[in-house]
Undergrad: 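Here it is, the structure, as structure tokens.
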Amino acid sequence: MNDQIHSSTIRVFVALAPPDHAKEELARALGPAYAAYPNLRWNRIEDWHITLAFLGELPAATVPLLRPPLAALAARRRPLELGLRGSGHFDERVLWSGIDGDLEGLHLLASEVRAVVRAYGVAFEDRPLRPHLTLARARRNETTPVVETSAALEAFTGRRWQTERLHLVGSNFGRGPGPIHYRDIEAWSFGGSGGSGSAT
């Protein structure tokens with residue numbers, strides 16, 4: 001069992017991750033905002049992800065049960081072509097980058113992931129899918145940086161890329177002043193994309 005699963009429960013979600021070149025392209029576009037607003041709670045670039053299903057707090061013993069069905073799902077699905085495009089914010093506090101490309105396929109994949117998880121008896125809040133990358137969070141009384149950065153990134157359009165793997169991710173609780181940190185429990189290559197599942 002992965003050493004991330006060390007307590008009685010773990011906060012878990014299923015996600016996609018952009019490749020490094022796509023993240024670096026967006027990070028370059030964010031350069032001026034990084035310099036201007038160092039006090040925003042910026043997510044680490046290695047933690048950027050597109051959530052397909054947020055499962056919440058699960059018993060640690062439940063997590064390994066999800067590995068075989070999620071691996072099988074990834075193996076029978078072809079990669080999706082996606083891109084990063086534009087920006088926006090939730091309630092002027094959460095800065096995000098939008099997702100472009102095969103959104104129909106993305107919604108279908110999310111529906112299949114959620115069905116697989118439910119089939120194994122995991123109950124979770126079935127929130128509507130709003131594909132995005134969360135980039136930063138502002139304190140309640142310091143929302144201007146989020147609004148201004150969102151406007152500056154509105155015209156951003158990144159190069160398209162192929163999804164590589166389906167990720168089962170665990171997170172800490174992020175109770176401190178810094179951003180939440182994430183870690184793969186396991187990830188599985190999509191059919192036709194080469195490679196195999198790997199724990200990290």
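Numbers here simply count residues along the sequence, with the first being 1.
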Undergrad: I'd like to know if the side chain of Ser111 reaches the main chain of His107, judged simply by a donor and an acceptor atom lying under 3.5 Å from each other, with no hydrogens or angles considered.
TA: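 Indeed, once roles are kept as given, a pair shorter than 3.5 Å links the two residues.
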Undergrad: Asp184 side chain to Ala187 main-chain N or O, any donor-acceptor pair under 3.5 Å?
TA: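 Flag not set: sc Asp184 to bb Ala187 has no pair under 3.5 Å.
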Undergrad: Is the number of heavy atoms from other residues, nucleotides or ligands within 6.0 Å of CZ (Arg160) greater than 12?
TA: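 Atom CZ in Arg160 is crowded, with more than 12 foreign heavy atoms closer than 6.0 Å.
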Undergrad: Can you measure from CZ (Arg67) to OH (Tyr120) and round to the nearest 0.5 angstrom?
TA: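 Nearest 0.5 Å value for the CZ-OH distance: 14.0 Å.
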Undergrad: Could you tell me which residues satisfy salt bridge (Lys or Arg N to Asp or Glu O under 4.0 Å) with Glu104, sequence neighbours excluded, listed by chain and number?
TA: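 Counting only residues at least two positions away or on another chain, Glu104 forms no salt bridge (Lys or Arg N to Asp or Glu O under 4.0 Å).
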Undergrad: Just wondering, do Asp47 and Thr134 contact through their side chains at under 4.5 Å, heavy atoms?
TA: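 Not in contact.
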Undergrad: I need the single residue from Leu58, Val12, Leu55 that forms a side-chain contact (heavy atoms from CB on, under 4.5 Å) with Phe124. Which is it?
TA: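 Considering Leu58, Val12, Leu55, a side-chain contact (heavy atoms from CB on, under 4.5 Å) with Phe124 is found only for Leu55.
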Undergrad: Looking only at heavy atoms, what is the nearest atom pair of Ala27 and Tyr34, with distance?
TA: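 Between these two residues, the closest heavy atoms are O-CE1, 3.8 Å.
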Undergrad: Mind checking the NE2-CG spacing from His132 to Leu95? Nearest 0.5 Å is all I need.
TA: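 It comes to 10.0 Å.
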Undergrad: Would the distance check show the side chain of Arg93 and the main-chain N or O of Ala138 forming a donor-acceptor pair, the cut-off being under 3.5 Å?
TA: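 It does hold such a pair.
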Undergrad: Give me the one residue out of Val147, Thr149, Thr143, Val94 that meets side-chain contact (heavy atoms from CB on, under 4.5 Å) with His89.
TA: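 Filter result, single survivor: Val147.
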Undergrad: Return the minimal non-hydrogen interatomic distance between Arg114 and Arg127, and the atom names on each side.
TA: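 The pair with the smallest heavy-atom distance is NH1-O, 2.5 Å.
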Undergrad: Search all heavy atoms of Leu65 against all heavy atoms of Pro69 and return the closest pair with its distance.
TA: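 Heavy atoms of Leu65 and Pro69 come nearest at O-CD, 3.3 Å.
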Undergrad: Could you go through the side chain to side chain contact (heavy atoms under 4.5 Å, CB included) check for Phe54 and Arg11 one step at a time?
TA: CA-CA 9 Å; Phe54 181 75; Arg11 186 170 294 185; 3.8 Å; yes
Undergrad: With rounding to the nearest 0.5 Å, note down the distance linking CG in Asp102 to CG in Leu80.
TA: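 If we round to the nearest 0.5 Å, Asp102:CG and Leu80:CG are 5.0 Å apart.
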Undergrad: Over all heavy atoms of both residues, which pair between Pro18 and Leu84 is shortest? Give the atoms and the distance, please.
TA: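 Shortest heavy-atom separation between Pro18 and Leu84 comes out as CG-CD2, 4.5 Å.
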Undergrad: Please give me the minimum heavy-atom distance between Phe190 and Leu166, naming the atom from each residue.
TA: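 Where Phe190 meets Leu166 most closely, the heavy atoms are CE1-N, 3.7 Å.
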Undergrad: Nearest 0.5 Å, what's the CG-CG distance between Leu133 and Asn43?
TA: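 Here the interatomic distance stands at 9.5 Å.
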Undergrad: Given side chains that start at C-beta, do those of Arg165 and Ser189 come closer than 4.5 Å, heavy atoms only?
TA: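 In short, these two side chains touch, coming nearer than 4.5 Å.
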Undergrad: Looking at side-chain heavy atoms only, is the closest gap between Glu148 and Tyr37 below 4.5 Å?
TA: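 They are in side-chain contact.
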Undergrad: Following the transitive rule for hydrophobic clusters with a side-chain heavy-atom cut-off under 4.5 Å over Ile, Leu, Val, Met, Phe, Trp and Tyr, establish whether Leu108 and Leu16 coincide in one cluster.
TA: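 No; Leu16 is not reachable from Leu108 via cluster members.
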Undergrad: Which one of Arg118, Arg77, Arg76 satisfies the salt bridge (Lys or Arg N to Asp or Glu O under 4.0 Å) criterion with Glu112?
TA: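 Answer after filtering Arg118, Arg77, Arg76: Arg77.
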Undergrad: Would you please indicate yes or no on a ring centroid separation below 6.0 angstrom for Phe13 and His49?
TA: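 For His49 and Phe13, the ring centres are under 6.0 Å apart.
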Undergrad: To the nearest 0.5 Å, tell me how far Ile45 CD1 sits from Asp20 CG.
TA: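 Answer for the CD1-CG pair, Ile45 versus Asp20, is 7.5 Å.
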Undergrad: Do you know which two heavy atoms are closest between Trp161 and Thr163, and how far apart they sit?
TA: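 Smallest interatomic distance, heavy atoms only, reads CZ3-CG2, 3.8 Å.
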Undergrad: Nearest 0.5 Å, what's the CG-CG distance between Leu109 and Leu103?
TA: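 So the CG of Leu109 and the CG of Leu103 are separated by 12.5 Å.
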Undergrad: In terms of relative ring orientation, are Phe90 and Trp96 parallel, tilted or perpendicular, with 30° and 60° separating the classes?
TA: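 Judged by the thresholds at 30° and 60°, the geometry between Phe90 and Trp96 is tilted.
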Undergrad: Report yes or no: does Glu25 contribute a side-chain atom to a donor-acceptor pair with the main-chain N or O of Arg159 at less than 3.5 Å?
TA: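 Yes, the answer is positive, given that a donor and an acceptor are paired below the 3.5 Å cut-off.
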Undergrad: Decide side chain to side chain contact (heavy atoms under 4.5 Å, CB included) for Leu106 and Leu52; before the verdict, give the C-alpha distance in whole Å, the side-chain angles of both, and the deciding distance to 0.1 Å.
TA: CA-CA 8 Å; Leu106 184 60; Leu52 300 176; 3.7 Å; yes
